[in-house]
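Scroll down for the structure; my scribbles are underneath it.
Numbering starts at 1 and runs along the sequence shown.
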Amino acid sequence: MDPLSSATEAFTSFLFGKVETTRLPVRTSTGQAQAVYLPTAAPGLGDSGVIIGREVYSGKGYIYDPFQLYGQQLPAPHWLVLGESGNGKSALEKTYVLRQLRFRDRQVVVLDAQGEDGVGEWNLIAEQLGITPIRLDPTSAINDGIRLNPLDPSITSTGQLALLRTIIEVALGHGLDERSGFALKVAHGYVRDTITGRQPVLMDIVEQLRHPKPESAHAMNVALEDVRAWGLDVALVLDRLVDGDLRGMFDGPTTVGIDLDAPLIVFDLSHIDRNSIAMPILMAIVGVWLEHTWIRPDRVKRIFLVEEAWHIINSPFVAQLFQRLLKFGRRLGLSFVAVVHHLSDVVDGAAAREAAAILKMASTRTIYAQKTDEARATGRVLGLPRWAVEIIPTLTPGIAVWDVNGNVQVVKHLITEAERPLVYTDRAMTESSAPSEQALALELAAEAEAEERAALAMEQQLADGVVGHPGSTVA
């Protein structure tokens, strides 16, 4: 201490006396002491990709792109979207696709099972991009509508036979026995080897099943009548695609002019009964057709988006087909997006084992509002943290829980004014590109309410000792 400071301290002590103060200990709870901690938030997913919206807790922008994250933060680029109707699943899907298409190396196929006014839900977006949807309709197909040929030469012989088996097994509800499988294999081989100058069609297979050639029986040393009997059930199933309620869509050469190089390909399935056997049969044909004609090693990043995906996963044979497609496509840059209303539609269905395998491959899960019981069941199956399960029933439209390989966030989806008239499917929103003042006021009120709920939930988590997610950082 310098001489001046020493003199000053001595003089002060002489006048007032030397006083020492001590700080008394403070006893408090973690709930009260939380105010001394800086706010925390889980780390983001980076700043490269498609912006989705913003995180509710931290206010940061939320950016997601499976192709950018794959191999580093994501073991697989596939995505599962869950939630009840009216909470924003459709708006999220559409804006996500529109934003992905801003990149030159992106291509999207959409299986559009919803619709209004006789067209699919994605019709407006397709028109905006100058694209004609591939509308599969049994009625219009009879009058020279769109056709997809399961025996298209662009599909390998092995792929054709696998597709035929899948169609038949879906329709029958069980696997083919060895004898029926042999009859189908013989008929397909004969058609493939003898028909030239045109595309073979399903009617050719049906004719060979009804009238097998003697050499087919001699190859297995069986009677010709036995081969005919083995193929009877197979012929009856395929006849439904040729002359039954599904005729016109698959019983002729593939329609010329389907542009598989367009940035967006929309299969409009809105005219197909979603609860009939036609839907899984259709999904099987489209899936294999795309596998052999669309997915190519050309460095293009592809997105395969399927609405009402439980129609796929609920059939064991179709689920196995799509499971193979996911494994195969992962090497060639394919991101599969499955949109499902309720997880119970899948895990409690006939293809529970296959569904579990597909769900396991979905490293990204987005969950919109669900009822409490459904949210708990979803949390158990997907392994969500307790705080996320508790908040799901309180979510308002447009806000969802995102789980990206364990990085869990609550995210508000943001829609631009340019996107708004394209993504809302109800007539009140699509007739005008500018929403009414009342609609904007309701949206702002809902956003404020959601933020208030999120803040209260965070306070409760802190009071319970849940300060942040594992690996959280200062926001």
Check: Distance-only, no hydrogens or angles: does the Gln208 side chain make a donor-acceptor pair with backbone N or O of Ile205 under 3.5 Å?
Finding: no

Next item on the list: Check each of Arg99, Lys301, Arg106 against Asp65 using the side-chain contact (heavy atoms from CB on, under 4.5 Å) test, and report the only one that passes.
Entry: Arg106

Check: In Å, rounded to the nearest 0.5 Å, how long is the span from CG of Leu384 to CD1 of Ile392?
Finding: 5.5 Å

Check: For the residue pair Arg147 and Thr255, what are the closest heavy atoms and their distance?
Finding: N-OG1, 2.7 Å

Check: Among all residues two or more places apart in sequence or in another chain, which pass the ring-ring contact (aromatic ring centres under 6.0 Å, His included) test with Trp402?
Finding: Tyr62, Tyr64, Trp79

Next item on the list: Name all residues meeting the side chain to side chain donor-acceptor pair (under 3.5 Å) criterion together with Arg302; count only those two or more places apart in sequence or in a different chain, and write none if there are none.
Entry: Gln107, Asp298

Next item on the list: Indicate whether any N or O donor in one side chain lies under 3.5 Å from an N or O acceptor in the other, for Thr95 and His413.
Entry: yes

Margin query: Quick check against the 3.5 Å criterion: does Asp112 have a side-chain atom that pairs as donor or acceptor with the backbone of Glu307?
Written below: no

Notebook entry, point to check: About how many Å separate CG of Leu422 and CD of Gln128, when rounded to the nearest 0.5 Å?
Noted result: 5.0 Å

Next item on the list: Please determine, by modelled atom types, if Thr416 and Glu419 share a side-chain donor-acceptor pair under 3.5 angstrom.
Entry: yes

Notebook entry, point to check: Of the non-hydrogen atoms in Ser180 and Trp230, which two are nearest, and what is the gap between them?
Noted result: OG-O, 3.2 Å

Next item on the list: Please identify each residue that fulfils salt bridge (Lys or Arg N to Asp or Glu O under 4.0 Å) with Glu178, with sequence neighbours left out.
Entry: none

Check: What distance do Ile51 atom CD1 and Ile63 atom CD1 have between them, rounded to the nearest 0.5 Å?
Finding: 5.0 Å

Notebook entry, point to check: With under 30° as parallel and over 60° as perpendicular, where do the rings of Phe304 and Trp294 fit, or are they tilted in between?
Noted result: perpendicular

Margin query: Using the salt bridge (Lys or Arg N to Asp or Glu O under 4.0 Å) criterion, which residues pair with Asp373? Sequence neighbours excluded.
Written below: none

Note to self: Between the side chains of Lys89 and Glu93, is the shortest nitrogen-to-carboxylate-oxygen separation below 4.0 Å, so that they form an ion pair?
What the structure shows: no

Check: Would you say the side chains of Glu84 and His341 form a donor-acceptor pair under 3.5 Å?
Finding: no

Margin query: I'd like to check the salt bridge (Lys or Arg N to Asp or Glu O under 4.0 Å) partners of Arg179; sequence neighbours left out, ordered by chain and number.
Written below: none

Checklist line | Under the salt bridge (Lys or Arg N to Asp or Glu O under 4.0 Å) test, residues paired with Asp204 that sit two or more places apart | finding: Arg198

